[in-house]
*Asks:* 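Following this message is one structure expressed as structure tokens.
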Amino acid sequence: MHLSSIRQWHWMIFSIVVGLVFYYTRTQQTDNLSRFGDSINSPRMFEEMVLKTEAGRPTFDQLAVHSQLVPDGKGAMKPATIVTGMAFNGHYEKEGSKFVARWRPTFFVGPIPYKPRTNLAQLRKPGGPDFAAEFRAIKDPTVVDFLNILGKAKGITYKHAWWREPKQWQCVAASFAVVGIIWPIFLNLIYFGRPWCPKTAKATSLINVAGQSPEAPIPMGLAGGPSDIELPVPSEAASPAAVEAPAVAAISTAPLDAAKTDEQAQSEFGAAKDDFYPTEVHVPHKND
């Protein structure tokens, strides 16, 4: 198939299919959490690492959150909030003559609803908001709500990793923009030197073409050209009886005389009683 035969709407339909396939493959990546690094196993440890500092830096920082389905341990899936970032696990690594702290990629799976282990009442400042009452007023709170409380009380920040939880319409829209619009324009600029594909000539339609019978062959003369022999055409006044048929030569029906050879003239045939068919009768010669 030539590139000029692919129209713009072909790319658009193909882009929608690509977007749906991408969305399906992303939703199937539910149990591959190890790609986020080391795991924090308990909410208490997670909260302590968020609130503690090491060398002036939170032991769990550069936080990003997104929603994802995770196994529930019973063969089914359940929604959860994944917190990813860089964490210091308490171990130092030697660098030259010193031991320094290293932050490694780490994640925490926050169940829904989330129940904080930290006493939020202790975060309240004199005359400040009641964080504990604020959190209790939230129906089905998540770890994001807990981080929002820590943001107000301790200045903890995070970002929403929306690219890790794509919606179906987002996948289709992104694929439509890239595959359905940008990609064909890029190909047309390379092959044709312009953003749009040149129009191809349309094939002739045979729907309304009436059938035609082949013309009768033209009689040819003996010399290979058109015959110049004119056949007599009877006039309208002449009756069929007036048209004389050409004379036909009479054929003789007299029997043909069989030519007899000398040997046939001298031969006679007869049949004896024991013969099944006639045999030649031999005439006795004088010398016998």
Side-chain angles (χ1 to χ4, degrees), residues 26-27 29-73 76-93 95 98-170 173:
R26 288 300 300 268
T27 56
Q29 297 178 355
T30 56
D31 55 351
N32 188 20
L33 297 176
S34 60
R35 67 184 185 275
F36 298 127
D38 301 329
S39 174
I40 300 176
N41 299 323
S42 69
R44 185 177 299 278
M45 182 181 295
F46 160 72
E47 296 174 13
E48 290 178 355
M49 294 180 69
V50 171
L51 294 173
K52 286 183 178 181
T53 59
E54 176 66 27
R57 176 181 176 181
T59 54
F60 190 23
D61 66 349
Q62 300 181 15
L63 304 180
V65 298
H66 71 277
S67 299
Q68 182 174 318
L69 295 176
V70 296
D72 62 353
M77 308 299 293
K78 64 178 181 180
T81 303
I82 312 299
V83 182
T84 61
M86 301 296 291
F88 170 64
N89 57 11
H91 298 284
Y92 295 86
E93 295 181 0
E95 185 175 308
K98 298 180 179 179
F99 287 89
V100 296
R102 293 293 184 186
W103 276 256
R104 299 180 178 276
T106 308
F107 71 95
F108 168 71
V109 179
I112 301 176
Y114 183 76
K115 297 179 180 181
R117 275 56 174 177
T118 302
N119 186 1
L120 297 180
Q122 295 179 355
L123 301 178
R124 183 178 182 180
K125 297 179 180 179
D130 188 352
F131 298 119
E134 183 179 338
F135 190 85
R136 288 194 300 267
I138 301 174
K139 182 180 180 180
D140 295 331
T142 66
V143 69
V144 175
D145 298 314
F146 173 74
L147 292 176
N148 290 335
I149 297 295
L150 294 185
K152 297 176 182 179
K154 296 292 185 178
I156 302 299
T157 60
Y158 67 91
K159 62 182 179 181
H160 181 205
W162 56 267
W163 59 91
R164 295 175 181 168
E165 51 178 21
K167 303 294 189 298
Q168 188 178 63
W169 69 269
Q170 293 174 337

*Asks:* Quick one: CG on L120 to CD on E47, what's the gap to the nearest 0.5 Å?
*Replies:* 8.0 Å
*Asks:* Kindly determine whether L147 and V144 satisfy side-chain contact (heavy atoms from CB on, under 4.5 Å), including the steps that lead there.
*Replies:* CA-CA 5 Å; L147 292 176; V144 175; 5.5 Å; no
*Asks:* Please report the interatomic distance CD1(I156) to CG(D61), rounded to the nearest 0.5 Å.
*Replies:* 9.0 Å
*Asks:* What's the shortest heavy-atom distance between K78 and P71, and which atoms?
*Replies:* CE-O, 4.0 Å
*Asks:* So which heavy atom on T142 is nearest to which on Y114, and how close?
*Replies:* C-CB, 3.6 Å
*Asks:* Not counting sequence neighbours, list each pair that qualifies as a ring-ring contact (aromatic ring centres under 6.0 Å, His included) and has a residue in residues 118-142.
*Replies:* none
*Asks:* Provide the closest heavy-atom pair for M49 versus A87 in the form atom of the first, atom of the second, distance.
*Replies:* CE-CB, 3.5 Å
*Asks:* Restricting to non-hydrogen atoms, name the atom on V50 and the atom on L63 that form the minimum distance, rounded to 0.1 Å.
*Replies:* CG2-CD1, 4.5 Å
*Asks:* Specify whether F88 and W103 have parallel, tilted or perpendicular ring planes, treating 30° as the upper limit for parallel and 60° as the lower limit for perpendicular.
*Replies:* tilted
*Asks:* Give me the atom names and distance for the closest heavy-atom approach of V109 to P111.
*Replies:* O-CD, 3.5 Å
*Asks:* Nearest 0.5 Å please: distance from the NE2 atom of H66 over to the OG1 atom of T81.
*Replies:* 9.0 Å
*Asks:* Looking only at heavy atoms, which two atoms of F108 and I40 are closest? And how far apart?
*Replies:* CD1-O, 3.5 Å
*Asks:* Rounded to the nearest 0.5 Å, what separation is found between the CE atom of M86 and the CG atom of D38?
*Replies:* 10.0 Å
*Asks:* Hey, can you tell me if F60 and F46 have their rings parallel, tilted or perpendicular (30° and 60° cut-offs)?
*Replies:* perpendicular
*Asks:* Can you pull out every salt bridge (charged side-chain N to carboxylate O under 4.0 Å, His left out) where at least one residue sits in residues 106-128? Sequence neighbours excluded, please.
*Replies:* R124-D130
*Asks:* Does R57 CZ have over 12 foreign heavy atoms under 6.0 Å away?
*Replies:* yes
*Asks:* Report the distance from atom CD of E48 to atom OG1 of T118, rounding to the nearest 0.5 Å.
*Replies:* 7.5 Å
*Asks:* As a quick check of understanding, evaluate side-chain contact (heavy atoms from CB on, under 4.5 Å) for N89 and T106, giving each step before the final call.
*Replies:* CA-CA 9 Å; N89 57 11; T106 308; over 6 Å; no
*Asks:* Considering only heavy atoms from C-beta outward, does the side chain of R164 approach that of I82 to under 4.5 Å?
*Replies:* no
*Asks:* Quick one: pull up NZ in K152 and CG in L150 and give me the separation to the nearest 0.5 Å.
*Replies:* 11.0 Å
